[in-house]
Amino acid sequence: MRLIRHLIRFTYLEALCCIFPVAIFAALALSRYLPSEPIARYDILLLWCLFVQVALLVTRYETKEEFKLILIFHVIGLGLELFKVHVGSWSYPEDAVSKVFGVPLYAGFMYASVASYICQAFRRLELRFTSFPRPTLALAVGSLIYLNFFTHHWMLDLRWFLMGLVIVVFFKSWVYFRLEDTVYRLPLVLSFLLIAWFIWLAENIVTFFKGWVYPHQQEGWALVDFGKLSSWFLLVIITVLIVVVEKYRSGDSAVEVKS
């Protein structure tokens, strides 16, 4: 009975943590059926994302400190989008006033929403991390991962090497979360994979509604390549690392670094 109660509680808290990403993905799906005039779909999505972000701040769903972290991921995500669209990894086929070099500005909010989820989970699930690598090492791994998203177009793709590196560096790291009076734990690497899996599922839904389109989906919707799961796995790691390292630097006792 307690496990069922905890499962319901966990589902409820996860739903609260996902308000920002759900608001964006739902808008991506529903906006598919809006007329293209007088306001283009991508422009409506940008206005919606701005409204949601302001609403979350005004209602104090997000704190100012969390908002600062989310802004970092907005910039990181938008930079990645500009590059990936330029090299043809995917495209945004519809016209809009708010497109810059082929990328609608709402795209950065999709990455920001993942960061919002991590921040919310940290607070609402009372996350605690043990045996976390030193911040310099963690950020170095994150930097290599982000750099590989760009360099693999001209050099050897190191994603599998980087995934192996992540397993080695975070092998002894655990994340703990509390449900009522019970504390559960997961290997940190497994939590990376689980988050990436749900983002990949959401990506399939969004591409079905043409939020963006991969080259193999130009003639009609098809399942997103499983290879994208590894990309999301690595991108999730960058998100978690920056949030956790910032929490550690701010003196948060929830992050225990390896001695």
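Side-chain N or O atoms of K247 include none that pairs as donor or acceptor with a backbone N or O of F122 at under 3.5 Å. Between the Q120 side chain and the Y61 main chain, a donor and an acceptor come within less than 3.5 Å of each other. The main-chain N or O of V224 is found under 3.5 Å from a side-chain atom of N204 such that the two form a donor-acceptor pair. The backbone N or O of A112 lies less than 3.5 Å from no partner atom in the side chain of S116, so there is not a single donor-acceptor pair. Looking at Y248, its side chain never comes within 3.5 Å of a backbone N or O of F132 through a donor-acceptor pair. Of the possible donor and acceptor atoms, none in the side chain of D157 sits under 3.5 Å from a partner among the backbone N and O of H152.
A 6.0 Å sphere centred on CH2 of W48 holds no more than 12 heavy atoms belonging to other residues, nucleotides or ligands. Heavy-atom contacts from other residues, nucleotides or ligands closer than 6.0 Å to CZ of F198 number 12 or fewer.
Taking all atoms of both residues into account, the shortest heavy-atom contact from A254 to L127 is CB-O, 3.4 Å. The nearest pair of heavy atoms linking F233 to F192 is CE1-CB, 3.5 Å. Pairing each heavy atom of R41 with each of L28, the nearest pair is NH2-O, 2.5 Å.
Residues F109 and L235 fall within the same hydrophobic cluster, defined by Ile, Leu, Val, Met, Phe, Trp and Tyr side chains chained together at heavy-atom separations under 4.5 Å.
In this structure, CD1 in I70 is found 8.0 Å from CG in L56, a value given to the nearest 0.5 Å.
Across Y111, F51, Y42, a single residue satisfies ring-ring contact (aromatic ring centres under 6.0 Å, His included) together with Y106, and that is Y42.
E246 has no carboxylate O lying under 4.0 Å from a charged side-chain N of K68, or vice versa, which leaves the two without a salt bridge.
Proximity of the aromatic rings of F10 and Y184 is defined here by a centroid distance below 6.0 angstrom, and this criterion is not met.
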